[in-house]
*Asks:* 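The structure is given below, and queries will be raised subsequently.
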Amino acid sequence: MKITDVDVQVVNLPLTNPFTSSFETKTGETRTIVRVRTDEGVTGWGETMWGRPVAELVRRLAADLVGTSPFALEAFHRRQHMVPFFHGYLGYAAIAALDVACWDVIGKATGQPLTDLLGGPVRTEVPITALITRADASGASAADLPARLAEHAARVVAEGGFTAVKLKGTVDVEGDVRVLRALRAALPDVKLRVDPNAAWSVPDSVRAGIQLEELDLEYLEDPCVGIEGMSQVRAKVRIPLCTNMCLVRFEDFAPAMRLGAVDVVHGDVYKWGGIAATKALAAHCETFGLGMNLHSGGELGIATAAHLAVVASTPVLSRAIDSMYYLHADDVIEPLVLDAGKLQVPTGPGLGVVVDEDKVAHYAAVNAREGDLTG
């Protein structure tokens, strides 16, 4: 079997509500969709972060795949090992788009779900996290904000059956502390997390972390910048620290361990450069006694299915993962099943999803008119 063609499209899809973090507010998602065709008529689909810059890089890398076997992924990764060095996250994202599409081909060609190819299922459903941002209480005064967000979060949990809630933090450290206290009072039994995306200083992280200890947070994610800063916070705060920003490459692992900077690492198929890299990250976490979870970069159904297969086959990924899937107003596949706060792991060959090519074309046309969404 040989790859004969790679098609790349960029799509814009709307969110149901604005989503706010410490650095942006976005109303929709731009993603790059990849279709790989083979000489035996098997088609594989991939999807990755961001839009046109990544898509252009995917097209360049695709030239190296055409004429090769979709099973020869190790050789492909070895040939492209310098791409992340020169292109950073864009490089990892571009490689992952093609990697996932090839895994989809491999599964379909062998008649096996991706979960089985990765070691077999240790779970068949994956809990996801309810994501709370200040945009969920738009127009509220500073005084009313904690109560409004707590009411919103309680409603989301009651309606969706979520067992974990994550607040996207802001530069307003004391305001975030007040919101978290209100969330804990309204939701005493859920796993509670906060992610300021490194918007807090080290002193503010320590001060806020000490105040938050009584709330029994599952973890505090990236309160400040860098391995050194995180290690200072971890030395003084009795809340596990999670990162998606200071340990982002395998080269970061040794310094993070030496400095004792983190307790939980957020992986991501698209930020780490593919499925095998994400599984290797899981092995590192288990070896060093760290927890692991999955970051969400706004995955649509194709990318979410890949994340679900990784979680389903990886014991250390036992927490409710981050996923913006439920916040999208539409999808380019027949929708994944979300029930009681959990996504069901697809069981069909490959990724196990059916792509609606008409929707891909429609949302590609939207991107052609609007350009990439940046906030």
Side-chain angles (χ1 to χ4, degrees), residues 14-28 128-225 229-230 232-233 236-242 244-245 296 298 320 322-324 326-329 341 373-375:
L15 295 172
T16 55
N17 294 293
F19 185 86
T20 298
S21 67
S22 62
F23 61 92
E24 68 174 351
T25 295
K26 57 183 180 179
T27 58
I128 66 172
T129 308
L131 302 170
I132 305 300
T133 85
R134 293 199 179 198
D136 295 321
S138 179
S141 67
D144 291 338
L145 183 68
R148 287 273 302 277
L149 284 179
E151 290 169 3
H152 170 77
R155 185 165 57 251
V156 169
V157 168
E159 293 174 356
F162 298 98
T163 57
V165 169
K166 174 172 166 176
L167 174 69
K168 293 297 286 187
T170 69
V171 295
D172 177 13
V173 184
E174 292 304 320
D176 286 344
V177 170
R178 289 192 292 270
V179 170
L180 285 162
R181 285 173 173 158
L183 290 175
R184 174 52 78 211
L187 298 165
D189 299 322
V190 304
K191 300 288 187 181
L192 186 58
R193 314 160 180 168
V194 58
D195 176 17
N197 287 111
W200 301 352
S201 68
V202 170
D204 281 345
S205 297
V206 172
R207 185 163 50 251
I210 291 171
Q211 293 179 68
L212 294 171
E213 286 178 352
E214 65 184 26
L215 302 186
D216 190 28
L217 299 187
E218 185 176 14
Y219 51 69
L220 172 56
E221 181 180 344
D222 287 311
C224 61
V225 173
M230 290 281 282
Q232 293 180 50
V233 175
K236 297 177 181 178
V237 175
R238 296 177 300 171
I239 300 173
L241 294 192
C242 174
N244 166 58
M245 297 178 70
S296 178
D322 282 4
S323 175
M324 292 182 64
Y326 76 103
L327 297 174
H328 291 118
L373 301 173
T374 57

*Asks:* Indicate yes or no for a side-chain donor-acceptor contact from Arg184 to the backbone of Leu187 under 3.5 Å, with no hydrogens or angles considered.
*Replies:* yes
*Asks:* Taking side chain as C-beta onward, heavy atoms only, is Cys224 less than 4.5 Å from Val233?
*Replies:* yes
*Asks:* Can you confirm whether Phe162 sits close enough to Val190 that some side-chain heavy atom of one is under 4.5 Å from a side-chain heavy atom of the other?
*Replies:* no
*Asks:* Taking the side chain as C-beta and beyond, is there a heavy-atom pair between Phe19 and Thr25 under 4.5 Å?
*Replies:* no
*Asks:* Test your reading of the model: is there a side-chain donor-acceptor pair from Arg193 to the backbone of Tyr219, 3.5 Å cut-off?
*Replies:* no
*Asks:* Is the shortest side-chain N to carboxylate O distance from Glu218 to Lys166 below 4.0 Å?
*Replies:* no
*Asks:* Are the side chain of Asp195 and the backbone of Asn197 linked by a donor-acceptor contact shorter than 3.5 Å?
*Replies:* yes
*Asks:* Looking only at atom types and distance, does a side-chain atom of Trp200 sit under 3.5 Å from a main-chain N or O of Thr170, one as donor and one as acceptor?
*Replies:* yes
*Asks:* Carefully, step by step, assess Val177 and Leu180 under the rule side-chain contact (heavy atoms from CB on, under 4.5 Å).
*Replies:* CA-CA 5 Å; Val177 170; Leu180 285 162; 5.6 Å; no
*Asks:* Taking atom CE of Met324 and atom CG of Leu15, what is their separation to the nearest 0.5 Å?
*Replies:* 5.0 Å
*Asks:* Applying the side-chain contact (heavy atoms from CB on, under 4.5 Å) criterion to Val179, which one of Leu145, Ile132, Val194 satisfies it?
*Replies:* Leu145
*Asks:* Closer than 4.0 angstrom, basic N to acidic O: yes or no for Arg134 and Asp176?
*Replies:* yes
*Asks:* Report yes if the side chains of Asn17 and Leu327 come closer than 4.5 Å at any heavy-atom pair, otherwise no.
*Replies:* no
